[in-house]
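As a basis for the values below, the full set of heavy atoms in this structure was taken, side chains included, without hydrogen atoms, waters or symmetry mates. Each chain gets a letter, A, B and so on, in the order its sequence line appears, and its residues count up from 1. All values reported here derive from a predicted model rather than from experimental measurement.
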Protein chains: 2
Amino acid sequence: MARKKNSSAEVTGPRIRSAAQRLFARHGYAAVSMRQIAAEVGVQAGALYMYTPDKQSLLYDMMHDHLQALLDSHAALPECADPVARLEQFTRFHIRFHNARSDAVFIAYMELRNLDEGNFKRIEAMRRDYEARLQAVLEHGRAAGVFQLPDTKLATFAVIAMLTGVTTWYREGGRLSLSHVEDVYWNMVRKAVGA
Amino acid sequence: MARKKNSSAEVTGPRIRSAAQRLFARHGYAAVSMRQIAAEVGVQAGALYMYTPDKQSLLYDMMHDHLQALLDSHAALPECADPVARLEQFTRFHIRFHNARSDAVFIAYMELRNLDEGNFKRIEAMRRDYEARLQAVLEHGRAAGVFQLPDTKLATFAVIAMLTGVTTWYREGGRLSLSHVEDVYWNMVRKAVGA
DNA sequence: GTCTATACCGCGATAGAC
DNA sequence: GTCTATCGCGGTATAGAC
């Protein structure tokens, strides 16, 4: 117990980030004011600037942290030798990771145009890195003769769009469990790549 | 020649709508000001209110007109008896229609949250109407035993997400022609539904 | 039909008290 | 660490001249 744990300082920062994330996802970055974020947290607007230099950094940091977690979690997956198993692993990982973080996903896809130039380039590079990992899986399977794909780049776009689309309609506690959704989507992906 | 055709009044309205569409697509509804739209058209901000009651109507009208054109164009397609031919027709239509109108598509998907409640409900109903038409195609093929689909609702979401995704990366004059992209995507869709 | 001028409000961000 | 107060700006929308 060397130091106090429940001081407001240690708790206000994360609360600001999570309020900002919820509000940005719901109403859009440009439509949300610093005063609204402050009200959600229960402080005055001026106090936010103890935790972020400006509104833009609030957006960039949440997008960066989201993509970094995505890349790290993906990198931590166990290795698979079989191309089909690798693709199944990617499919299930993508659906599960994205659906656990629907606010962050929504922001990462919708608010790119509200990043200033340097921040945009950094975020885009991370997104391309992730896409390249799926493309590598597809290319590996194609080279092994397991997938029938005329164009792995297009297939990458198609698979990612299809899988990410789950976040737009899936809601916990609805008609289907997420693992059932995974099964159905994996079945479609598998057939689409010709495996 | 009963009346003057080139009066500014007949030309300013459409120019406002197209400037607003371009700016909303590029920067987002909330981030674009009426002054910016006016500057783009070459009039003063006050003059916009001769053509729209407010900024919200500008957004709603462009989304409504886009979806109405989508529904009308789809309804005008020639009838097909064969389920596979119907799905191919839908696939190619969807890609072609959406890629010819990337600004409107972007807005229709990204700015839903900036519609006020009544407008949102109307737009959502139109979008669901369109999705139901694809689901009917899939259901028809499934009932005929031509498609292997455990869940036509999920397949509808998957196909629409995949096809609409083309608008996020396709650019005229790039590596591939749009009709080649259609071919590749149709091939993936066909296999995904088990036809 | 479009202009200028302006009402009124809320924005992001900062300064200085406590 | 948070508050109150405030700066300077730009937002939507309207009024009235031309």
Spacing between [X] atom [atom1] and [N] atom [atom2], to the nearest angstrom:
{"X": "A:Gln36", "N": "C:dG12", "atom1": "CD", "atom2": "C1'", "answer": "13 Å"}
{"X": "B:Met50", "N": "C:dT2", "atom1": "CE", "atom2": "P", "answer": "7 Å"}
{"X": "B:Tyr51", "N": "D:dT12", "atom1": "OH", "atom2": "P", "answer": "19 Å"}
{"X": "A:Tyr49", "N": "C:dC11", "atom1": "OH", "atom2": "C1'", "answer": "9 Å"}
{"X": "B:Asn114", "N": "D:dT12", "atom1": "CG", "atom2": "P", "answer": "12 Å"}

Practice task
Verify the contact: side-chain N or O of A:Gln44 to OP1 or OP2 of D:dT2, cut-off strictly under 4.0 Å; return yes or no.
Solution key: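 For A:Gln44, the contact criterion (side-chain N or O under 4.0 Å from OP1 or OP2 of D:dT2) is not met.
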
Practice task
Return no unless some side-chain N or O of A:Thr12 is found under 4.0 Å from OP1 or OP2 of D:dT2.
Solution key: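 So the side chain of A:Thr12 is within the cut-off, an N or O lying under 4.0 Å from OP1 or OP2 of D:dT2.
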
Handout entry: Proximity of A:Phe120 and A:Tyr60 rings by center, below 6.0 Å
Key =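 No, ring centres 6.0 Å or more apart.
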
Exercise for the section: Mind listing the residues from residues 54-62 of chain B sitting with a heavy atom below 4.0 Å of DNA chain C? Number order is fine. Expected result: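 When residues 54-62 of chain B is checked for heavy atoms under 4.0 Å from DNA chain C, there are no hits whatsoever.
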
Exercise for the section: For A:Val32, answer base if it contacts any base atom (sugar-phosphate contacts may also be present), sugar-phosphate if it contacts only those atoms, and nothing otherwise; contact means non-hydrogen atoms under 4.0 Å. Expected result: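 Here A:Val32 touches the backbone only, sparing every base.
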
Exercise for the section: Quick one: label A:Met34 by what it contacts on the DNA or RNA (base, sugar-phosphate, nothing), any heavy atom closer than 4.0 Å. Expected result: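 A:Met34: backbone/sugar contact only, no base atoms under 4.0 Å.
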
Practice task
Check whether any side-chain N or O of B:Glu111 sits under 3.5 Å from a backbone N or O of B:Ala108 as a donor-acceptor pair, and report yes or no.
Solution key: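 No, B:Glu111 side chain to B:Ala108 backbone: no donor-acceptor pair under 3.5 Å.
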
